[in-house]
J.: 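Have a look at the structure that comes next, please.
Worth knowing before you read on, the calculation uses all heavy atoms, side chains too, and leaves out hydrogens, waters and symmetry mates. From a predicted model like this one, the values you see are computed outputs, not experimental measurements.
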Amino acid sequence: MAVGKYSVVNPYESTPLPESHKITVRVTSPYGNSIHYQDQVESGNFAFTANEEGDYLSCLWAPYHKPAVTMAVEFEWRTGLAAKDWTNVAKKGQIEGMELELKKLEDTVKSIHDEMFYLREREEQMQDMNRSTNSRMAWLSFLSLAVCASVAGLQLWHLKTFFERKKLLSENLIQSPLFKFQYLFELFDPAFAPCWREEGMEANGSEIVFFDVETTVPSRSGERFALLEFGAILVCPRRLVEVGCYSTLIRPADLAAISSVSIRCNGIGPDVVSTAPTFHDVADRVFDVLNGRVWAGHNIIRFDCPRIREAFEEIGLAAPEPKGIIDTLPLLTQKFGRRAGDMKMASLATYFGLGQQKHRSLDDVRMNLEVLKCCAAVLFLEVSLPDVFSLDNLVPNGITSRTAAYWNASRSQQNLYSPSDEFNDQQINRHILNTSDQAGPSTPVSEDLSNMAVKMNIDLLQSDTQLAQITSDCDIISTSVPTENSHGYAGFLEVDQVLPNKIRAPTIQSSRKIVLLYRDCPLQLFCTGMMIHFGVNSRFIDYAGRPKLSIVVGAPENLCKVLDICDQVAQVASQNSDSNSEWRPVLKRLGHSNTFTIRLHIPTVANRDGAIYSTEMYHKDPSGNMQKLVFSRLDASELETIFVPGTTVDAYFNTDIYDFQQNAGIKLVARRLVVVSK
């Protein structure tokens, strides 16, 4: 129940209400139904019983008048118990005061009762809504799980295709170099995984079979090879150890096919195989050894595999089929490089000091396994400690006097290799020089480690003649040491002095290392007024746990031209060296602007107390005075206060071409940085 009354207040008590003081009233239900309507009235009242749940609206408005008229309206709206006129009820019912109070209480109880039923209905509605929400959230959770599973599957598919495209993963995982490294990890820890220990050849088929065949040498056109010997060993794929072997001489159908040339190759003459079984007699045994296993050997794809298939074809039997093939000749040529020359088995054995090749099947396959282990060990060390075992960071003990003079002079002039005077000339052969590298700073190593590296022939400077040829015409080495106020730095060229046609990127044959040269000297540049865009980045660390520091600065237009030419020359040289790494440009565009940036690396070097910066750093005030910055320890936060974005820096840096983990490019290593105050 609701009642209401309204009236326009007369502003003039002694006179009647003006004609302009009239209003129009409308009362509507929550669904828009009109309950009460009066037009152009001075007062009125209404009463109704609410049949619809919600808010009831009362609208009052007056006609538009000129000039504007201001009026006041008295409005009273009562609902529930307040809507009843209890005075009239008492009069009509002729009841006493107590009965009147009881009547009020009864109506109050009814009102509370109705309110409770209303609340119960609302509670049921809320419960229905909660159940509906829970059901929807459950379906949403299942949908989210399905989406996550789909995204995970797409990521795995993308990574698989990416690694296959980068040639890090092939369709047959056994042919991947990463698979060899897994073997190597478990080789260092035999308890890492169990292996099969059968001494015979009846193993479970999961082994790798290294095999080799010795054949006759055809003396005339159209003559086929004839098998003289077959040898194979089974190798545990977890530990790369031999678990079984088999070898046999084979008598060819025609002993006259064994020529003198064939005897000189392998030492197998007619008298040696005259009493040996024919291939038909041992074919079943050879089939059991090879069929369903992973085949491995040196140059087996082009020679040994066709000979096996031809032999089975001649006797009318089906040839064995491999589960996979590991040909160490193309594999080591691609991953290990031509460090051993022509990469023949004899050359590799001599390179690693394994003795002479005997050209007998069983001896050759065992030598092949040892060569593979040595190559994998070298690659593992280079990947794990790239700055220690980098090809361009090791100095052989047999360094010539001319080469030593070059290192001594360049060290004193450019401060590239010695952070303090404590590293004297006698220590050059015992320490890794702090040249620019891809994975981190250099550290001193012991004589044993240096000698081990030299024994493994990991040396860019293996040939002193090559280094002397590079530096013979170089006139950048001076005996004067630059002072703090000097405007130049020995060996570093201003950008405008560089002639593009004098930049080249030859490959040092002994190490397959590409170097950037300018007029037959290492390319080193000097550029001033470069603004710092991003301060010191210390997110990455090297193998020793030290941060790999770098800053990003803006590159002037003349520097961009020089570095772009260097990029092109170095990329062509990288492609010509059969590298399949992705080339990363040295210049990076800043957002969508025409501004290009470069990253200057700040290397560190170990000393007796820990490590220090090998980059010289100075502070230059507006008057031109320079002060050298001295640091007692490595502290990236301290450098952040010096290399603040927005400040300018003069940089002396050298260029280094890296090819590491399928990425190649030019790395700019800062040798001297001068921070200019505003």
Side-chain angles (χ1 to χ4, degrees), residues 333-334 337-339 382 386-387 390-394 403 406 410 414 416 433 435-439 458-477 491-527 555 558-588 596 598-601 603 651-671:
T333 302
Q334 177 186 7
R338 293 185 176 273
R339 311 180 194 183
E382 291 178 355
D387 50 341
S390 177
L391 294 179
D392 57 337
N393 281 353
L394 298 179
T403 305
Y406 167 76
S410 60
Q414 304 174 15
L416 298 183
L433 300 182
T435 55
S436 56
D437 54 83
Q438 167 63 14
I458 308 177
D459 52 342
L460 171 64
L461 306 178
Q462 182 180 5
S463 174
D464 295 330
T465 304
Q466 292 182 359
L467 181 60
Q469 290 176 352
I470 293 178
T471 60
S472 59
D473 299 327
C474 186
D475 57 355
I476 66 171
I477 299 179
F492 290 82
L493 300 173
E494 293 188 12
V495 178
D496 295 332
Q497 297 176 348
V498 178
L499 300 177
N501 58 348
K502 299 297 182 181
I503 300 175
R504 62 190 186 93
T507 301
I508 298 180
Q509 296 300 325
S510 61
S511 63
R512 310 296 296 175
K513 172 72 176 178
I514 303 174
V515 294
L516 269 175
L517 301 180
Y518 180 77
R519 296 183 184 274
D520 297 329
C521 299
L523 179 60
Q524 302 177 111
L525 299 175
F526 162 61
C527 189
N558 55 354
L559 179 60
C560 291
K561 294 180 180 178
V562 173
L563 293 181
D564 187 55
I565 294 173
C566 294
D567 241 351
Q568 297 176 16
V569 173
Q571 186 176 6
V572 171
S574 178
Q575 294 173 351
N576 293 338
S577 65
D578 298 330
S579 173
N580 59 356
S581 299
E582 180 182 356
W583 187 263
R584 294 184 174 273
V586 67
L587 295 171
K588 306 293 183 183
F596 289 88
I598 58 175
R599 182 177 296 276
L600 297 177
H601 295 264
Y652 302 79
F653 56 92
N654 59 1
T655 56
D656 176 55
I657 300 177
Y658 66 88
D659 193 336
F660 182 73
Q661 292 184 351
Q662 299 298 313
N663 291 314
I666 299 176
K667 180 180 179 180
L668 306 179
V669 182
R671 294 308 176 189

J.: Donor-acceptor pair, distance only, cut-off 3.5 Å: does the side chain of D567 make one with the backbone of V586?
T.: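 Pair found, side chain donor or acceptor close to backbone of V586.
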J.: Do L668 and T655 pass the side-chain contact (heavy atoms from CB on, under 4.5 Å) test, and can you show the C-alpha distance, the side-chain angles, and the key distance before you say yes or no?
T.: CA-CA 5 Å; L668 306 179; T655 56; 3.8 Å; yes
J.: Out of curiosity, R504 CZ to I514 CD1, how far, rounded to the nearest 0.5 Å?
T.: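 Reported value, rounded in 0.5 Å steps: 13.0 Å.
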J.: Where do K513 and I657 come nearest, in terms of heavy atoms and distance?
T.: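 Nearest pair, atom of K513 first, then I657: NZ-O, 2.5 Å.
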J.: How far apart are the closest heavy atoms of A670 and F653, and which atoms are they?
T.: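 Result for this residue pair: CA-CB, 4.0 Å.
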J.: What are the two closest non-hydrogen atoms of Y518 and Q497, and how far apart are they?
T.: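 Shortest heavy-atom separation between Y518 and Q497 comes out as OH-O, 3.3 Å.
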J.: What are the two closest non-hydrogen atoms of A573 and A505, and how far apart are they?
T.: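 It is CB-O, 3.5 Å.
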J.: Could you check whether the rings of Y652 and F492 sit parallel, tilted or perpendicular, using 30° and 60° as the cut-offs?
T.: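 If you compare the ring of Y652 with that of F492, the planes turn out perpendicular.
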J.: Which atoms form the tightest heavy-atom contact between L517 and P506, and what is the distance?
T.: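 Where L517 meets P506 most closely, the heavy atoms are CD1-CG, 3.5 Å.
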J.: So F596 and L559, do their side chains get closer than 4.5 Å, heavy atoms only?
T.: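 No, side chains not in contact.
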J.: Is there a side-chain contact between L587 and I598, using heavy atoms and a 4.5 Å cut-off?
T.: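 Heavy-atom side-chain distance check passes, below 4.5 Å.
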J.: Just so I know, are the side chains of V495 and K561 near enough to count as touching, which here means a heavy-atom distance under 4.5 Å?
T.: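 When only atoms from C-beta onward are counted, K561 and V495 do not touch, as no gap falls below 4.5 Å.
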J.: Any side-chain heavy-atom pair from C566 and I666 closer than 4.5 angstrom?
T.: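 Yes, close enough: below the 4.5 Å cut-off.
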J.: When rounded to the nearest 0.5 angstrom, what is the spacing between CD in Q568 and CG in L563?
T.: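 The CD atom of Q568 sits 11.5 Å away from the CG atom of L563.
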J.: Working to the nearest 0.5 angstrom, can you tell me the gap between E494 CD and L525 CG?
T.: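 If we round to the nearest 0.5 Å, E494:CD and L525:CG are 10.5 Å apart.
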J.: Rounded at 0.5 Å granularity, tell me how far CG in L493 sits from CG in L523.
T.: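 That separation rounds to 7.0 Å.
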